[in-house]
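Each chain gets a letter, A, B and so on, in the order its sequence line appears, and its residues count up from 1.
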Amino acid sequence: MQSASLDSYDPVRTINSGQVFLWQRQLDSWYGIYGQHIVKISGTRGIHKVNSYPKSDSIQSRIFRLDDDVRTIFAELEGDPLIKRLLTKYQGLRLMRQEPEQCLFSFVCASNTNIPMIRRMLFNLARRFGSRMALDGLEFYSFPSADTISKARISDLLACGLGYRVKAIKAVAESIVTGALDFRTLTKMSYHDAKRQLTQIYGVGNKIADCVLLFSLDKLEAFPVDVWIARALVKNYQWLFESKLSDKLTPHQYDDITDRARQHFGRYAGYAQQYLYYHMRHQAGANW
DNA sequence: GTACAGGCAGTAT
DNA sequence: ATACTGCCTGTA
């Protein structure tokens with residue numbers, strides 16, 4: 001019973017994992033913005049139906065990574081006692097596969113702020129620069145394209161509450177528009193090569209690059225270390241690290257930590273990160 | 001007022 | 001290499 005349902009998935013738990021920002025609860029359903037699509041999760045009692053508008057048959061499998069062989073993945077991660085416990089405790093939690101452009105813009109906005117603020121910035125961006133869509137009598141806005149953002153006025157971006165991130169947002173939009181950054185190519189590259197490309201962009205450092213690699217470019221070995229993960233490691237994995245860990249990281253410490261985490265958790269370290277992150281937030285009583 | 005929040009680049013040692 | 005600093009903005 002327990003192992004049989006370990007490969008189940010719970011879309012609502014997954015969208016509340018804190019790694020995707022443009023979701024909202026309305027009329028007993030959840031609505032998310034996925035590039036040009038609205039994704040709707042309806043249903044109750046843990047039995048959910050996922051639809052997308054415009055309609056797409058493959059989008060559910062795509063965004064919830066139902067193509068991943070989680071039995072194999074989880075079997076590898078069970079070697080770690082804490083992760084083994086969390087896999088059962090948070091059954092149904094998956095990683096999500098986000099739309100790369102939206103993902104990169106989102107995590108650039110995420111630097112040095114909190115989730116309510118990130119959501120505000122992204123909803124503002126969508127409302128101002130996205131296309132209006134209607135569903136169930138509700139109003140939604142698609143996520144704006146890099147082209148649109150590259151042409152946007154600085155003052156309009158500032159009005160979205162982006163603050164000093166505008167410079168980075170512009171740099172990201174530019175590199176996409178000029179083709180200097182190409183997600184298809186990055187997906188085919190190795191983790192390290194793709195990361196090197198991403199971090200060339202102004203405003204994209206280690207952490208943001210790892211988030212984009214894991215959440216949108218299928219690099220499951222990526223192990224983003226934000227303050228929450230750092231705290232989880234300090235608390236539960238101090239033994240993994242020679243020098244003492246603190247939850248403030250210099251760039252060199254960041255590399256050291258992700259490398260060791262990857263060594264310890266293996267090629268699916270990103271899944272371990274997802275469960276650790278969810279666990280920390282859950283324990284902190286987060287409900288944003 | 002002021003500390004702080006899911007990093008980053010710039011500058012000085 | 002490593003440490004220190006400022007940064008938009010909103011909230012507690």
Side-chain angles (χ1 to χ4, degrees), chain A residues 14-23 93 95-96 98 102-125 127-128 149 152-175 181 195-216 222-235 241-259 261 270 272-288:
Chain A
T14 301
I15 64 168
N16 284 314
S17 65
Q19 316 287 17
V20 287
F21 303 103
L22 290 181
W23 284 86
L93 174 64
L95 268 175
M96 284 185 76
Q98 303 184 34
Q102 182 174 343
C103 186
L104 180 51
F105 283 120
S106 296
F107 282 98
V108 167
C109 288
S111 89
N112 195 24
T113 189
N114 49 47
I115 287 178
M117 285 293 298
I118 300 164
R119 288 170 55 81
R120 178 197 305 256
M121 291 181 230
L122 295 175
F123 274 115
N124 285 344
L125 272 178
R127 189 167 57 243
R128 191 169 284 247
I149 292 176
R153 296 162 42 148
I154 303 292
S155 57
D156 288 337
L157 292 170
L158 285 171
C160 294
L162 298 179
Y164 62 85
R165 298 169 192 82
V166 165
K167 194 174 167 189
I169 293 288
K170 277 288 191 186
V172 167
E174 283 298 315
S175 39
L181 194 69
K195 184 168 179 176
R196 204 166 301 122
Q197 284 246 349
L198 280 167
T199 51
Q200 305 249 323
I201 302 170
Y202 177 89
V204 180
N206 264 325
K207 193 266 177 180
I208 293 176
D210 275 330
C211 287
V212 174
L213 290 163
L214 176 60
F215 299 132
S216 71
F223 191 89
V225 182
D226 54 36
V227 296
W228 291 93
I229 289 296
R231 286 172 197 152
L233 296 177
V234 167
K235 189 165 148 64
F241 306 92
E242 305 165 347
S243 55
K244 285 193 185 60
L245 267 184
S246 74
D247 56 8
K248 267 294 181 191
L249 304 179
T250 65
H252 182 261
Q253 281 174 318
Y254 185 102
D255 288 335
D256 186 54
I257 290 170
T258 43
D259 288 346
Q273 195 267 9
Q274 175 78 339
Y275 275 81
L276 282 174
Y277 183 79
Y278 189 88
H279 181 53
M280 293 302 284
R281 277 169 45 90
H282 187 264
Q283 283 195 320
N287 62 340
W288 52 79

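If you take atom P in C:dT11 and the same atom in B:dC8, they sit 24 Å apart, rounded to whole Å. A distance of about 14 Å separates the P atoms of C:dT5 and B:dA3, rounded to the whole Å. When the C1' atom is used for both B:dG7 and C:dA12, the distance is 22 Å, rounded to whole Å. Comparing the P positions of C:dA3 and B:dG6 gives an interatomic distance of 23 Å, to the nearest angstrom.
Using Watson-Crick or G-U wobble geometry with both donor-acceptor distances under 3.5 Å, B:dG6 finds no partner in any strand shown. For C:dC8, there is no paired base (Watson-Crick or G-U wobble, both distances below 3.5 Å).
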Subject >> A:L181/A:L198 under side-chain contact (heavy atoms from CB on, under 4.5 Å): CA gap, chis, key distance, verdict >> reply: CA-CA 8 Å; A:L181 194 69; A:L198 280 167; 4.0 Å; yes
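At least one side-chain nitrogen or oxygen of A:R120 sits closer than 4.0 Å to the OP1 or OP2 atom of C:dT11. Distances shorter than 4.0 Å separate some side-chain N or O of A:H252 from OP1 or OP2 on C:dT2.
A donor-acceptor contact under 3.5 Å links the side chain of A:Y164 to the base of B:dG7.
Residue-level contact check: A:F107 touches the bases, meaning some heavy atom is under 4.0 Å from a base atom. Backbone-only engagement by A:I201 is indicated by non-hydrogen atom pairs under 4.0 Å involving sugar-phosphate atoms exclusively. Residue A:I208 is in sugar-phosphate contact alone, with no base atom involved, counting any heavy-atom pair closer than 4.0 Å across all strands shown.
The nearest whole Å value for the distance from the NZ atom in A:K207 to the P atom in B:dA9 is 14 Å. One interatomic measurement links the two molecules: CG of A:D255 to C1' of C:dA1, which rounds to 12 Å at whole-angstrom precision. A straight line from CG of A:D226 to C1' of B:dA5 spans 12 Å, rounded to a whole angstrom. The CZ atom of A:R119 sits 14 Å away from the P atom of C:dT11 (whole-angstrom rounding). Between the C1' atom of B:dG6 and the CD1 atom of A:I257 lies a distance of 15 Å, rounded to the nearest Å. Following rounding to the nearest Å, A:L158 (CG) and C:dT9 (C1') show an atom-to-atom distance of 11 Å. Straight-line distance from the CD atom of A:Q283 to the P atom of B:dG6: 16 Å, rounded to whole Å. Rounded to an integer number of Å, the gap from CG of A:L162 to P of C:dC7 is 18 Å.
In this structure, A:N114 and A:N206 both approach DNA chain B, and ranking their closest nucleotides by distance from the 5' end singles out A:N114. Both A:V204 and A:M117 lie near DNA chain B, and the one whose nearest nucleotide falls closer to the 5' end is A:M117.
The backbone N or O of A:M280 lies less than 3.5 Å from no partner atom in the side chain of A:R231, so there is not a single donor-acceptor pair.
Closest to the side chain of A:T250, out of C:dA3, C:dC8, B:dG6, is C:dA3. Comparing B:dA5, B:dA9, B:dG6 by their nearest atom to the side chain of A:Y202 picks out B:dA9.
The aromatic ring centres of A:F107 and A:F215 sit less than 6.0 Å apart.
Checking each of A:L249, A:D210, A:N206 against A:V225 for a side-chain contact (heavy atoms from CB on, under 4.5 Å) leaves exactly one that passes, namely A:L249.
Relative orientation of the A:W228 and A:Y277 rings is perpendicular, given thresholds of 30° and 60° on the angle between their planes.
Looking at every heavy atom in both residues, A:C109 comes nearest to A:I169 through SG-CD1, 3.7 Å.
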